[in-house]
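Single-structure report; data block below.
In this text the structure is predicted, and so the values were computed from the model without any measurement. When a ligand or atom number is given, it counts from 1 through the structure's own listing order.
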Amino acid sequence: MLEGKKILLGISGSIAAYKTAALARLFVKAGAEVKVILTPSAKDFVTPVTLATLSKNPVNIDFIKGKNGEWTNHVELGLWADLFLIAPLTANTLGKMAQGICDNLLLATYLSARCKVVVAPAMDLDMFAHASTQKNIQTLRAYGNEVIEPNSGELASGLQGKGRMPEPEELFNWVQTYFTQTQILSKLKVLLTAGPTYEHLDPVRFIGNHSSGKMGFALAEQLASMGAEVILVCGPNQIKTNHTAIKRIDVSSAADMLKACLAHFPKCNVAILSAAVADYTPEVVSENKIKKNGSTLVLKLKKTEDILKKLGTLKKKKQILIGFALETNNEEANANKKLQEKNLDFIILNSLNDKGAGFGFDTNQVTIIHKNGNKIKYGLKAKHEVAKDIVDQIIQIIHA
Ligand code: CTP
């Protein structure tokens, strides 16, 4: 199950730390190699001897170990791991991770780790709900870390609410799913379009739209962080990409975007077209700036090629093609029509009538409609969560 996987388990000082003994045991039983780092205060909640016995490795706590002043190499620990799971994550360690503070071995390892980092916050409900905690969680997510949300239930304070660390079996299942999914995704090459297109009228003006590109970029980050190779063809936008697995191709017009997509689609297993491509472009682009001569100006526009539809005609049997539909009325009927006409495996519908969905927002609310008619309606979520839902659907198609 987890044969040969290297899991670094970071434990900070919360009462939930006692559950990590069972978690370490589950990982080892499933064939994983486990190394443990404790923060100094975590020792008050779970003993190093217990964890060393169950993980079958010495436990790391301090930078200096033993009587001879031997140094614990945090860089090596971070490079060794396939996954760094920090559970439980206290508000204190969370705050330090968000700020880049590095006053213990766990934090130094976090800053130097190159593998995926996943955290499981555990604290009292009011601490968890506090604006600063939520802001720090958002910051960690923005750094590319995964966050396993706490459960609701009885807390150490005796209060009821959200803040309980998930049970060892739940954390174990999360890790197992993560490795299964990354194994599938690491074999995939994905073509993605994102952002608007700009159709030039003259050297200073263009016809564009309000697309920010956030949804497409969230998808690119999600896919890359799970091992896929991503070719991101994007129209003008303000977003930076950090992941080395994302090959970014910046374009301006619908014609440029089409050209880039046609060049890369044949080598890709999956294509997700999220760009808001202009449907019409000026018939003539003026060489010089258009002067304001008359009281009206008539522009003649010609249709652009529908990139998604074109890829639908070129699609091979094993390729997966996914499109978006942004609608204002007759949403499902319009999305179904696009699904059929463009030969898609599934379409992601968002309606401009849903609050918090559409251009510019950090959130989105979507319905995914598969070609077999299966329909899944999701609630309003952060765009990176929507990206995960979309990736889950791709994995399900590949698994089927
Ligand atoms: N699309 C595309 N090329 C175009 C137009 C659209 O690749 N020239 C893709 C979009 O990226 C999206 C899907 O087609 O994945 C649907 O786009 P949308 O704008 O909702 O619909 P259109 O097909 O353009 O139809 P309409 O504007 O009439 O709703």
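The protein atom (non-hydrogen) at minimum distance from atom 15 (O) of ligand 1 is L273 O, 2.6 Å. Looking only at heavy atoms of the protein, atom 1 (N) of ligand 1 is closest to D306 OD1, 3.8 Å. Atom 17 (O) of ligand 1 has as its closest protein heavy atom F324 O, 3.8 Å. Protein heavy atom in closest approach to atom 4 (C) of ligand 1: V277 CB, 3.5 Å. Looking at atom 7 (O) of ligand 1, its nearest protein heavy atom turns out to be L308 N, 3.0 Å. The closest protein non-hydrogen atom to atom 21 (O) of ligand 1 is K338 NZ, 2.9 Å. Of the protein's non-hydrogen atoms, A275 O, 2.7 Å is the one closest to atom 11 (O) of ligand 1.
The shortest N or O to N or O distance between E305 and ligand 1 is below 3.5 Å. At under 3.5 Å, not a single nitrogen or oxygen of G323, backbone or side chain, sits near a nitrogen or oxygen of ligand 1. Between D279 and ligand 1, at least one N/O pair is under 3.5 Å apart.
The presence of a protein heavy atom under 4.0 Å from atom 29 (O) of ligand 1 is confirmed.
Using a 4.0 Å cut-off between charged side-chain N and carboxylate O, D256 and K259 make no salt bridge. Using a cutoff of 4.0 Å between basic side-chain nitrogens and carboxylate oxygens, K19 and E167 are scored as salt-bridged.
Using a 4.0 Å cut-off between heavy atoms, T304 contacts ligand 1 through its side chain alone, with no backbone atom that close.
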